[in-house]
Trainee: 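Please find one structure pasted underneath; my questions will follow.
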Protein chains: 2
Amino acid sequence: MKERHEFILGEVVKAYLDTGQAVGSRALSERGDLELSPASIRNAMADLERMGLLCSPHTSAGRKPTDSGLRYFVDSLMVVDANLHNHLSASISSHLNLKRDINQVLQQATDELVSLTRFAGLVSVHEPDFSRIEKIELVPISTEQILAVIVSSEGKVQNRLVRRDAQLSDGRLSEISRSLSELLSHCSLEEARERLIREIDHDRLRIRQLLEELKQWAENPTKGKSDLIFSGQSQLLKMPEFGVIETVRSLFTAFEEKEDLLKLVEQVEQSEHGVKVFIGHEHALIDMDEVSVVLSRYEGEGRVLGTLGVIGPKRMHYERVLPIVDCTARWVSRVLGGNR
Amino acid sequence: MKERHEFILGEVVKAYLDTGQAVGSRALSERGDLELSPASIRNAMADLERMGLLCSPHTSAGRKPTDSGLRYFVDSLMVVDANLHNHLSASISSHLNLKRDINQVLQQATDELVSLTRFAGLVSVHEPDFSRIEKIELVPISTEQILAVIVSSEGKVQNRLVRRDAQLSDGRLSEISRSLSELLSHCSLEEARERLIREIDHDRLRIRQLLEELKQWAENPTKGKSDLIFSGQSQLLKMPEFGVIETVRSLFTAFEEKEDLLKLVEQVEQSEHGVKVFIGHEHALIDMDEVSVVLSRYEGEGRVLGTLGVIGPKRMHYERVLPIVDCTARWVSRVLGGNR
DNA sequence: AATAGCACTCCGGCCGATAGAGTGCCAACT
DNA sequence: AGTTGGCACTCTATCGGCCGGAGTGCTATT
């Protein structure tokens, strides 16, 4: 591709990002730093259209970049201001204060994403599978309840309240707790279930009811699926491109379904480190051609902890949004990694 | 109010609920079972307008019920079909299967609300205040972490992971657990904080770091505020009254803010048992004159556990929606009350 | 008291004309 | 050969005007 063409593509994209309108040759020649007549620009634009990087909505409108055009811009033309990056990084660090709780950290992070970009924020918490029981502990809560604390080999903690037999003394309970711990340590859920059934049959521990409840838990644990949380969706309603109710509806339906977006998020979790951009049709979410998704993984303790990013109109200032998402993800990684 | 007027008000409301349009005298006389000429109806409608129960959007449109008109209809004119109530009750009971987890129960309930009404569902979980510490227990999780389980006098359980000093043996830990339990039992959070500070100063237990973390918790506990959960918001986007983006935006902003809606919910929680309806301006949510909120408390173990209901257009079929919300709340109460 | 008739009002949809923006192509220029 | 100016053409969005429909309020009538 000729330098001339690249330059003009870049100018078209910039103008389009600013105005949201298709941009014509005259406007372009008057607008920028390029010293070319409208006619020359027209020729170049016709070439770019043939290459599939621009398109015109109708005969006598200007040209808009296609998804491929935007992709080319993001990949090859766009320059991220290093100052901006540093500035953002500093501003985010200073603006957000440290909380210990992971949920608070993530909440702060998305709030910051929303307020910086004015788009909808998105964060997923990657829940690793609950593969094996590491430890099980029964804590007496009252005369009527016991708290069962179950820790997985991945360090995930689950709590469950079970009813307590009135006759069960605290001493006996801690005895049972020890036996159970021995019985179930390093079992998969499936194994745990089987052992519990056997135990119920023989009822050696004489706590049939408690075992029954634990068995139920083993059959139906809180499933290890990532969860998606959105914030600031109403921001999107301010954008002129979402003036038609139809677009908005498909967007919010997608927020509710979550399924498809989860796929995208998992894709990002499994790819290499860095910010990922999905422009228009690239994310393969039906009826959402008008939106782009910018995501980045965050990490801690060397593991992938989740994904965060924003959802906004295809026409967004990528050179600004990318560093914002990048810095926020880095900040979260730093806080979560260093803090525990 | 004359019987004639009541009858006509009822007909206007019904026609309006069906069509969403202002309804004129001719249409009304042709529509229903009333044997009156358009002119007579006009007279009555003029009276009703003077009473503030009807209004016309402009000179030559028909009449729509005002908020007061709808209120009058809901309070005095509407008849709820007893069959419908029984039928709904049975259908909900059979359609939803029992889960033990409260969150699953609520999720099912709102899903059912959404699918039956085609409006947005809403559920709040009332979190009672965390007034006094009933019990505190430290559970060893691994060589690096301890799980602190804190139970309030209301029976609410909070968990918190704290870092573990490498030298701390399991035996010593259960010792500390006992001492702490003695130290903090029946303290308010404020007292607990003070005692912890004193303890840190003297450091009798030689676990400064652990105490510090607990102190932080006492200063900043998960606050005892009700939380609001929505579902099916995108349903609202299908309604013609939300065709204008402005209306939608204020609605979704309200969903995000939650503050104002929480007030409404708390109001319902504190009132007596039964379904509450807020029509248009009655809920005092700015810019949301076009929506009505239908809510009902649900209970269990004799306590108020929370509120559930729907948010939909002011033009909804109250005679259908009220029993739906009522039955769902009763079902939830039954399941939560009988199950634990 | 109810009704029929009538004049009046207002909204919404449907042209038709116009201005504006932009393109494509051709011929001229460097 | 690439660039430029000119020109005819096209398409859209907008504005004003013009009805037809629906509905009201008032008045005279039964």
Side-chain angles (χ1 to χ4, degrees), chain A residues 1-9 11-66 69 240-241 243-244, chain B residues 1-9 11-16 18-66 69 240-241 243-245:
Chain A
M1 175 131 74
K2 293 226 196 83
E3 200 183 332
R4 165 78 144 279
H5 286 149
E6 276 196 344
F7 185 69
I8 289 189
L9 173 61
E11 290 301 309
V12 172
V13 171
K14 281 184 218 157
Y16 170 72
L17 294 186
D18 283 345
T19 64
Q21 305 289 319
V23 37
S25 54
R26 178 195 309 249
L28 248 197
S29 86
E30 277 165 5
R31 181 180 196 269
D33 340 307
L34 75 178
E35 305 289 336
L36 286 170
S37 74
S40 313
I41 296 176
R42 276 206 286 279
N43 288 330
M45 282 184 9
D47 295 342
L48 287 166
E49 181 157 10
R50 237 164 282 132
M51 289 185 241
L53 300 173
L54 295 182
C55 67
S56 44
H58 59 84
T59 328
S60 108
R63 302 266 199 342
K64 300 199 305 188
T66 61
E241 31 263 279
V244 204
Chain B
M1 176 132 74
K2 292 225 197 85
E3 198 183 335
R4 163 76 141 283
H5 286 151
E6 276 198 342
F7 185 68
I8 288 189
L9 173 60
E11 290 300 310
V12 171
V13 170
K14 281 185 217 158
Y16 171 72
D18 282 344
T19 65
Q21 306 288 319
V23 36
S25 54
R26 177 195 309 250
L28 206 56
S29 87
E30 279 165 4
R31 183 179 196 269
D33 341 307
L34 74 179
E35 304 289 338
L36 287 170
S37 73
S40 313
I41 296 176
R42 276 205 287 279
N43 286 332
M45 277 175 27
D47 294 342
L48 287 166
E49 181 157 11
R50 237 164 282 133
M51 289 185 238
L53 299 174
L54 295 181
C55 68
S56 47
H58 59 84
T59 328
S60 106
R63 303 283 208 316
K64 300 201 302 188
T66 61
E241 30 262 279
V244 204
I245 210 77

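Computed from a predicted structure; not experimentally measured. Protein chains get the first letters and strands the later ones, always in sequence-line order, with residue 1 at the start of each.
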Trainee: In B/S/- notation, 5' to 3', how is nucleotides 1-12 of chain C contacted by protein heavy atoms closer than 4.0 Å?
Mentor: -SBBB---BBS-
Trainee: Please state how far atom NZ in A:K64 lies from atom P in C:dT23, giving the value in whole angstrom units.
Mentor: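 Checked: the NZ to P distance equals 14 Å.
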Trainee: Figure out the CE/P separation between A:M45 and C:dC25, and round it to whole Å.
Mentor: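 So the CE-P distance, A:M45 to C:dC25, works out to 14 Å.
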Trainee: Measure the spacing between CD of A:E3 and CD of A:E6 and express it to the nearest 0.5 Å.
Mentor: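 So the CD of A:E3 and the CD of A:E6 are separated by 7.5 Å.
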Trainee: Measuring to OP1 and OP2 of D:dG25, would you say a side-chain N or O of B:R63 lies under 4.0 angstrom away?
Mentor: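 For D:dG25, OP1/OP2 do have a side-chain N/O of B:R63 under 4.0 Å.
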Trainee: What is the separation between atom CD1 on A:I8 and atom P on D:dG2, rounded to the nearest whole Å?
Mentor: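 So the two atoms are 15 Å apart, to the nearest Å.
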Trainee: Any heavy-atom pair between the side chains of A:L28 and A:M45 that's under 4.5 Å?
Mentor: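 They are in side-chain contact.
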Trainee: Return a table of donor-acceptor pairs under 3.5 angstrom between the side chains of residues 56-64 of chain B and protein atoms on other chains or two or more places apart.
Mentor:
unit_1: B:H58; atom_1: ND1; unit_2: B:S60; atom_2: N; d: 3.4
unit_1: B:R63; atom_1: NE; unit_2: B:E49; atom_2: OE1; d: 2.5
unit_1: B:R63; atom_1: NH2; unit_2: B:E49; atom_2: OE1; d: 2.9

Trainee: Let me know the distance between CZ of A:R26 and C1' of C:dG24, rounded to the nearest Å.
Mentor: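 Rounded to whole Å, this separation is 15 Å.
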Trainee: Are the side chain of A:T66 and the backbone N or O of A:G52 linked by a donor-acceptor pair below 3.5 Å?
Mentor: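 Side chain of A:T66 to backbone of A:G52: a pair is present.
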Trainee: Compare side-chain N and O positions of A:S56 against OP1 and OP2 of C:dG22 and report whether any pair is under 4.0 Å apart.
Mentor: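 For C:dG22, neither OP1 nor OP2 has a side-chain N or O of A:S56 closer than 4.0 Å.
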Trainee: How far apart are the closest heavy atoms of B:I41 and B:I8, and which atoms are they?
Mentor: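 Residues B:I41 and B:I8, closest heavy atoms: CA-CD1, 4.2 Å.
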Trainee: To the nearest 0.5 Å, how far apart are OG in A:S25 and CG in A:L36?
Mentor: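 Answer for the OG-CG pair, A:S25 versus A:L36, is 11.5 Å.
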Trainee: When you compare the protein's N or O atoms with those of nucleotides 14-18 of chain D, which come within less than 3.5 Å of each other, and at what distance?
Mentor:
none

Trainee: A:L28 CG to C:dA21 C1': how many Å, rounded?
Mentor: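 So the CG-C1' distance, A:L28 to C:dA21, works out to 14 Å.
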Trainee: For residues A:L9 and A:L53, report the shortest heavy-atom separation together with the two atoms involved.
Mentor: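 Minimum heavy-atom separation between A:L9 and A:L53: CD2-CD1, 4.0 Å.
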Trainee: Please find the pair of heavy atoms, one from B:I245 and one from A:G243, that lie closest to each other, and give the distance.
Mentor: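 Nearest heavy atoms, B:I245 then A:G243: CD1-O, 3.9 Å.
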Trainee: What is the minimum heavy-atom distance between B:L54 and B:P65, and which atoms define it?
Mentor: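 Between these two residues, the closest heavy atoms are CD2-CA, 3.7 Å.
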Trainee: Using whole Å, what does the distance between atom P of nucleotide C:dG22 and atom CG of A:L54 come to?
Mentor: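 Taking CG of A:L54 and P of C:dG22, I get 14 Å after rounding.
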